[in-house]
Amino acid sequence: MGAVLTIAWRDIKANFASPKGSAIFFLFLLLMGLFFYNFLNTFVEMTQKAPMYGGEAPTLEQLLKALFYNLHFILILVIPALTMSTFSEERRNQTIRLLQVSPITPTQIVFGKFLAVVGVLALVLVCSAVYPLFIKAYGNPDVAVILTSYAGVFLLMCAQLAFGLWVSSMTTNQFMAFLFTMFGLFLLLVLNWIAPSISSTGGWWAGTLKYLASTDHLDMFLKGVLTVSDTVYFLCFGALFLFFTNVVLDSQRWR
Amino acid sequence: MIEVSGLSKRYGAVQALNNVSFSVGKGQIVGFLGANGAGKTTTMDIMCGCIGADAGTATIAGYDITEQPLEVKRRLGYLPDVAPLHPEMRIEEFVTYAGRLHKIPGTELQRRVSETLEKLSLGAVRRRLIGNLSKGYRQRVALAQAIVHNPDVLVLDEPTEGLDPNQIVQIRELIRSLAGHHTIILSSHILSEVQNTCDHLIIVHNGTVVQTGSYEDLTRAMKSGRTYRLKVARNGAAAVSDLADLAAAEHPRLVDAAEHELEFSLASGIDEAVLDNVARRMIDGGFGLRELAVKTKSLEEVFFQLTQ
Ligand SMILES: Nc1ncnc2c1ncn2[C@@H]1O[C@H](COP(=O)(O)OP(=O)(O)O)[C@@H](O)[C@H]1O
Ligand SMILES: [Mg+2]
């Protein structure tokens, strides 16, 4: 455990020491702020116009849902940027040797790196709480929904980070790592758009694809419902790719 | 202390190592010599468990690197080919980090780090950012990383590569000061480097060990007899033809006409008493003897001959 924390702590510090790390941090908050500003404007507009047209005014929960749902798109940009350097950079500039000749296992290295990227994004998430808090200050949203939404986004994020680590462990080229991670995450995002269109050809196929799609599993969290199957999906997803990363690191010792 | 046997490694079409075997005794300081691309880095990476071999084993301090890598790594310090430094860290912070990775207990860590920094004369600059350091300092920080946990075995891959002559002397002295506490294997493609530092040499060429032994062993292994250098006061060219009459002195030749410097060899088996005749001839011939000395083959030449 000591080694895991040592590695994680160094990585976190290195992340914030680099302009790239700080840029990611602020990019995330800035994008989220833009979304928030837009949605809030729409929300206010619709609330004002609703009585005129006899429709129902949108709820604060809908505003929150839109906000959290769009975090997904921000993550598709931010996660690859964060994970691309983890292993690729260390392998390219050979600092990976430091870890390789220390009396620690590949598993400890993987967990250390994972903890570091999770730590950085957790910090961003905490900072992003200003937006929901803003709504809380001026309205009366369901706090439980905000909390489950955060839990869902956090789990999603962990799973995606694990995927990014795996991609990064396989290349010494950061840019390739970024592209492939982004592509993979995008695929997971759109799987449930694809699934219905091929459902006519194969029943269980479409079901499986739909199960793999990450958006589907975030939905319930955003509605304020914690389900075992959704939680298990994210945990298994993350664990699987951490395991793959471990396999890659292990195999590099024999090649 | 180090036992390497039958290492082979292939990179695609390149056979980087082919059946490399050698051993290093406890407390020895051994030079691992070879031209660029000979396979030094590959061997050391395998020994330290960074990459795998296609065949063969490496045992350090009695533990096999593939069977018990953690036991080996506890007793091992490695200075790789490329210094594994994080530019955004400060020297002391980095060495502490390396110490933590090597499981130095928290109570000892501070003391070990300070000692190491002192030993490498880094104490005064401990707060400097690694990214801003000169090559010489960077190399010392990399060395600090390798010795902070006081390992039994030190593996140094071209520790003086890319340094200026002053820094080379400093690092060489450092390495010599480490001898005795550690078993050291250090690689180089510059021979004068290891000639003075190491008590034992291993010469690799194209992925195979071509020669092992002490510097003297290697010199003796050379096929030709000894060469002598002769300097006279005047008429060097005439002195050469005069020496040619003396059957025992082979291949007399003028190496520097302006300085009247000559060289000749004694065929193996000829007694050194012949040198008296050489000296007498020079004096009697009126050439004026100024210098007569053994010209030992430099390791450079030995090496060159071995790796032809
Ligand atoms: N990662 C690699 N991929 C392909 N070839 C390599 C790799 N590393 C080393 N080689 C080749 O293996 C041989 C030995 O290299 P190396 O061990 O680095 O030699 P040295 O350290 O003695 O200069 C060289 O021919 C080199 O080109
Ligand atoms: Mg090398």
B/D81 versus chain A, heavy atoms under 4.5 Å apart: side chain, backbone, both or neither?
neither
Check whether more than 12 heavy atoms from other residues, nucleotides or ligands sit under 6.0 Å from atom NZ of B/K135, and answer yes or no.
yes
Of B/P84, B/C50, B/P80, which is the lone residue that meets side-chain contact (heavy atoms from CB on, under 4.5 Å) with A/V101?
B/C50
Would one find more than 12 heavy atoms of other residues, nucleotides or ligands at under 6.0 Å from atom CZ of A/F35?
yes
d(A/L5 CG, B/R100 CZ) to nearest 0.5 Å is 10.0 Å
From CZ (A/R10) to CD (B/E93), nearest 0.5 Å:
8.5 Å
Taking side chain as everything from C-beta outward and backbone as N, CA, C, O, which of these in A/A14 sits under 4.5 Å from a heavy atom of chain B? Side chain, backbone, both or neither.
both
Atom CZ of B/F22 with >12 non-hydrogen neighbours under 6.0 angstrom:
yes
Would one find more than 12 heavy atoms of other residues, nucleotides or ligands at under 6.0 Å from atom CZ of A/F16?
yes
Before you tell me yes or no, could you show the steps for B/D45 and A/R97 under side-chain contact (heavy atoms from CB on, under 4.5 Å), namely the whole-Å CA-CA distance, both residues' side-chain angles and the distance that decides it to 0.1 Å?
CA-CA 9 Å; B/D45 275 350; A/R97 287 278 182 268; 2.9 Å; yes
Crowding at CZ, B/R127 (>12 non-hydrogen neighbours, <6.0 Å)
no
Ranked by heavy-atom pairs below 4.5 Å to chain A, first place among B/K103, B/R74, B/E88, B/H86 goes to B/H86
Closest-packed option against chain A by number of heavy-atom pairs under 4.5 Å, given B/V155, B/L101, B/L70
B/L101
Evaluate whether atom CZ of A/F180 has more than 12 neighbouring non-hydrogen atoms of other residues, nucleotides or ligands under 6.0 angstrom away.
no
Using a 6.0 Å cut-off, check whether atom CE of A/M176 has over 12 heavy atoms from anything other than its own residue.
no
Interatomic distance, CG@A/L98 vs OH@B/Y78, rounded to 0.5 Å, equals 12.5 Å
Measuring only between side-chain heavy atoms, which start at C-beta, is B/H102 closer than 4.5 Å to A/P103?
yes
